[in-house]
Amino acid sequence: MTRTHTRTHTRRAVPGAVLAVAVLLTAGCDAGEEAAAAAGPTADVAVDEALHAALPDDVREAGVLTVANDPSYPPASSFGPDGRTIVGFEPDLGAALGDLLGVEVRFEASPFDGLLDELGAGRFDLVMSAVTDTAEREQQADFVNYFRAGSSIVVARGNPLGVHDLAGLCGRSVAVEAGTVQVGLLERAQASCALRIDVHELPTNDDALLELRTGRADAVLADYPPAVFVTTDPRTQNSYQLVSDTQYEPGLYGIAVAPDRAELRDVVTEALQRLVDDGVYQALLDRWEVGHGAVAAVTVNGARPS
């Protein structure tokens with residue numbers, strides 16, 4: 001590597017909800033981080049001077065890209081063992097982008113429901129936090145698409161209520177993270193229910209899982225990668241079970257860029273495609289066991305039609 005960069009940082013305090021489930025989820029983060037480290041590092045990425053020169057002047061002069069992130073979604077992003085460093089395939093992918101662009105990519109914790117508002121207010125350069133690109137969200141930002149995933153159902157280990165699909169959630173209480181596509185999915189599912197779904201919207205996915213573990217919810221609806229993670233990690237699998245491998249309404253994750261920053265959007269798009277073409281991207285996803293969500297080509301604003 002031509003330059004070295006700090007991988008991830010967060011300057012904000014750990015939310016109380018995260019601390020409340022530290023024993024449960026920090027253990028899972030430890031295991032995920034150990035698994036990724038055991039797989040070995042990805043190939044070194046050298047700075048591309050042409051891409052570095054194409055960065056907006058303010059980014060190039062600062063030498064830093066700030067990225068807003070909700071670290072409650074392993075293996076995409078979560079707090080590491082120290083409770084402050086954000087780890088996962090998103091921070092690793094961000095670090096590889098930084099290596100290629102010749103800048104530090106700094107992840108900072110922020111509540112999911114306000115990520116795009118923070119971006120619009122200019123508090124961050126980018127948002128990278130398992131944000132599904134939707135037509136509605138494209139009204140607030142442009143999205144550089146880097147991953148594909150749908151929604152899956154998590155229940156208590158043993159599936160005591162016999163939930164097998166979305167229809168099985170009718171008349172049940174379901175916990176979800178506020179502001180996610182799962183909220184809209186449940187709203188659409190209500191149309192087929194004789195008994196309404198009692199939707200609990202929580203600040204983080206950690207909070208949603210805590211609702212399920214403590215019996216205050218019958219299920220959690222989350223993206224497939226974090227659903228698989230929490231139901232297969234040895235330190236959490238005794239509490240949770242994946243209903244099936246079905247992914248409802250799959251869509252593309254996108255790195256969000258303010259709509260008035262087309263120059264930055266285009267550089268990030270080109271850099272990410274370079275990582276795809278060079279094999280660094282696939283190797284990185286495979287380290288975190290999420291290679292199934294890889295995209296072959298980087299797109300911009302690839303939301304499904306409403």
Quiz prompt | Cluster check Leu212, Val183: I/L/V/M/F/W/Y, side chain < 4.5 angstrom | solution = no
Practice problem: Measure from the side-chain N and O atoms of Asp278 to the backbone N and O of Val280, and report whether any donor-acceptor pair falls under 3.5 Å. | Solution: no
Practice problem: Under the side-chain contact (heavy atoms from CB on, under 4.5 Å) rule, what do Tyr146 and Leu93 come out as? Steps first, then yes or no, please. | Solution: CA-CA 10 Å; Tyr146 64 96; Leu93 184 56; 4.0 Å; yes
Quiz item: Are Leu186 and Val174 close enough that some pair of their side-chain heavy atoms sits under 4.5 Å apart?
Solution: yes
Quiz item: Given side chains that start at C-beta, do those of Val276 and Gln282 come closer than 4.5 Å, heavy atoms only?
Solution: no
Quiz item: Are the side chains of Val131 and Tyr253 in touch, meaning some heavy atoms are under 4.5 Å apart?
Solution: no
Exercise. Taking all heavy atoms of Pro75 and all of Phe229, pick out the closest pair and write down the distance.
Key: CD-CB, 3.7 Å
Quiz item: Which value, rounded to the nearest 0.5 Å, describes the distance between Leu119 atom CG and Ile255 atom CD1?
Solution: 12.0 Å
Quiz item: Looking at Glu177 and Phe112, what are the two nearest heavy atoms and their distance?
Solution: OE2-CB, 3.2 Å
Quiz item: Do Asp70 and Ser129 have a side chain donor and acceptor closer than 3.5 Å?
Solution: no
Self-check item: Leu252 side chain near Phe147 side chain, heavy-atom distance below 4.5 Å
Solution: no
Self-check item: Arg216 atom CZ, neighbour heavy-atom count above 12 within 6.0 Å
Solution: yes
Self-check item: Cluster link Phe79 to Phe89, ILVMFWY, side chain under 4.5 Å
Solution: yes
Practice problem: Kindly indicate, with the supporting measurements, whether the criterion side-chain contact (heavy atoms from CB on, under 4.5 Å) is fulfilled by Gln190 and Ile197. | Solution: CA-CA 7 Å; Gln190 299 278 19; Ile197 303 170; 3.5 Å; yes
Quiz prompt | Within-4.5 Å side-chain heavy-atom neighbours: Asn238 and Arg157 | solution = no
Exercise. For Arg148 and Ala294, indicate whether the former's side chain and the latter's backbone hold a donor-acceptor pair under 3.5 Å.
Key: no
Exercise. Determine the minimum heavy-atom distance between Leu116 and Ala141, stating which atoms define it.
Key: CD2-CB, 4.4 Å
Exercise. Please indicate whether Gln237 has more than 12 foreign heavy atoms, meaning atoms of other residues, nucleotides or ligands, lying under 6.0 Å from its CD.
Key: yes
Practice problem: Would you confirm whether Tyr281, through its side chain, and Gln273, through its main-chain N or O, come within 3.5 Å as a donor-acceptor pair? | Solution: no
Exercise. Among residues two or more places apart or on two chains, list those pairs meeting disulfide (SG to SG under 2.5 Å) that have a residue in residues 175-230.
Key: Cys170-Cys193
Quiz item: Between Gly302 and Asp133, what is the shortest heavy-atom contact and its length?
Solution: N-OD2, 2.8 Å
Quiz item: To the nearest 0.5 Å, what is the distance between OG1 (Thr180) and CG (Asp113)?
Solution: 8.5 Å
Self-check item: Check: Ala46 main-chain N/O paired with Asp99 side-chain donor or acceptor under 3.5 Å
Solution: no
Quiz prompt | Tyr240 side chain to Leu209 backbone, donor-acceptor under 3.5 Å | solution = yes
Practice problem: Determine, for Asp125 against Arg261, whether the closest basic-nitrogen to carboxylate-oxygen distance falls under 4.0 angstrom. | Solution: yes
Quiz item: Does the side chain of Thr85 come under 3.5 Å of the side chain of Asp82 through a donor N or O and an acceptor N or O?
Solution: yes
Quiz item: Once you round to the nearest 0.5 Å, how far does CG of Asp266 lie from CD of Glu263?
Solution: 8.5 Å
Practice problem: Taking the side chain as every heavy atom from C-beta outward, state whether Glu249 and Arg188 have any atom pair closer than 4.5 Å. | Solution: yes
Quiz item: Side-chain heavy atoms under 4.5 angstrom apart, residues restricted to Ile, Leu, Val, Met, Phe, Trp, Tyr: same cluster for Tyr224 and Leu169?
Solution: no
Self-check item: Audit row: Asp92, Arg287, side-chain contact (heavy atoms from CB on, under 4.5 Å) steps and yes/no
Solution: CA-CA 10 Å; Asp92 280 2; Arg287 286 177 60 208; 3.7 Å; yes
Exercise. Quick one: pull up CG in Asn301 and CZ in Arg137 and give me the separation to the nearest 0.5 Å.
Key: 13.0 Å
Practice problem: Carefully, step by step, assess Ile153 and Leu242 under the rule side-chain contact (heavy atoms from CB on, under 4.5 Å). | Solution: CA-CA 6 Å; Ile153 304 169; Leu242 191 67; over 6 Å; no
Practice problem: Report yes or no: do Val268 and Val295 belong to one cluster of Ile/Leu/Val/Met/Phe/Trp/Tyr joined by side chain heavy-atom distances under 4.5 Å? | Solution: yes
Quiz prompt | Main-chain N/O of Arg172 paired to Asp198 side chain as donor or acceptor, under 3.5 Å | solution = no
Self-check item: Test item: Ser110 side-chain N/O and Leu115 main-chain N/O as donor-acceptor pair under 3.5 Å
Solution: no
Quiz item: Has the side chain of Ser77 got a donor or acceptor atom that lies under 3.5 Å from a matching backbone atom of Tyr73?
Solution: no
Quiz prompt | Gap separating the CG atom of Leu210 from the CG atom of Asn205, nearest 0.5 angstrom | solution = 11.5 Å
Quiz item: How far apart are the closest heavy atoms of Val154 and Ala227, and which atoms are they?
Solution: CG2-CB, 3.6 Å
Quiz item: Are side-chain heavy atoms of Leu65 and Arg106 found at a separation under 4.5 Å?
Solution: no
Exercise. Look at the side chain of Gln247 and the backbone N and O of Gly150, then say whether any donor-acceptor pair between them is shorter than 3.5 Å.
Key: yes
Quiz prompt | Residues that Arg274 engages under salt bridge (Lys or Arg N to Asp or Glu O under 4.0 Å), provided they are two or more places apart | solution = Asp48
Exercise. Treating Ile, Leu, Val, Met, Phe, Trp and Tyr as nodes and any side-chain heavy-atom pair under 4.5 angstrom as an edge, say whether Val67 and Trp288 lie in one connected cluster.
Key: yes
Quiz item: Going by distance alone, is a donor N or O of one side chain under 3.5 Å from an acceptor N or O of the other, for Gln182 and Asp223?
Solution: yes
Quiz item: Do you know which two heavy atoms are closest between Val290 and Pro225, and how far apart they sit?
Solution: CG1-CB, 4.3 Å
Self-check item: Under 3.5 Å donor-acceptor, Glu90 side chain and Ala130 backbone
Solution: yes
Quiz prompt | Approximate separation, where rounding is to 0.5 Å, of Glu61 CD and Leu55 CG | solution = 11.0 Å
Self-check item: Within-4.5 Å side-chain heavy-atom neighbours: Leu97 and Leu275
Solution: yes
Self-check item: Thr246/Ser244 under side chain to side chain donor-acceptor pair (under 3.5 Å): CA gap, chis, key distance, verdict
Solution: CA-CA 5 Å; Thr246 300; Ser244 72; 3.1 Å; yes
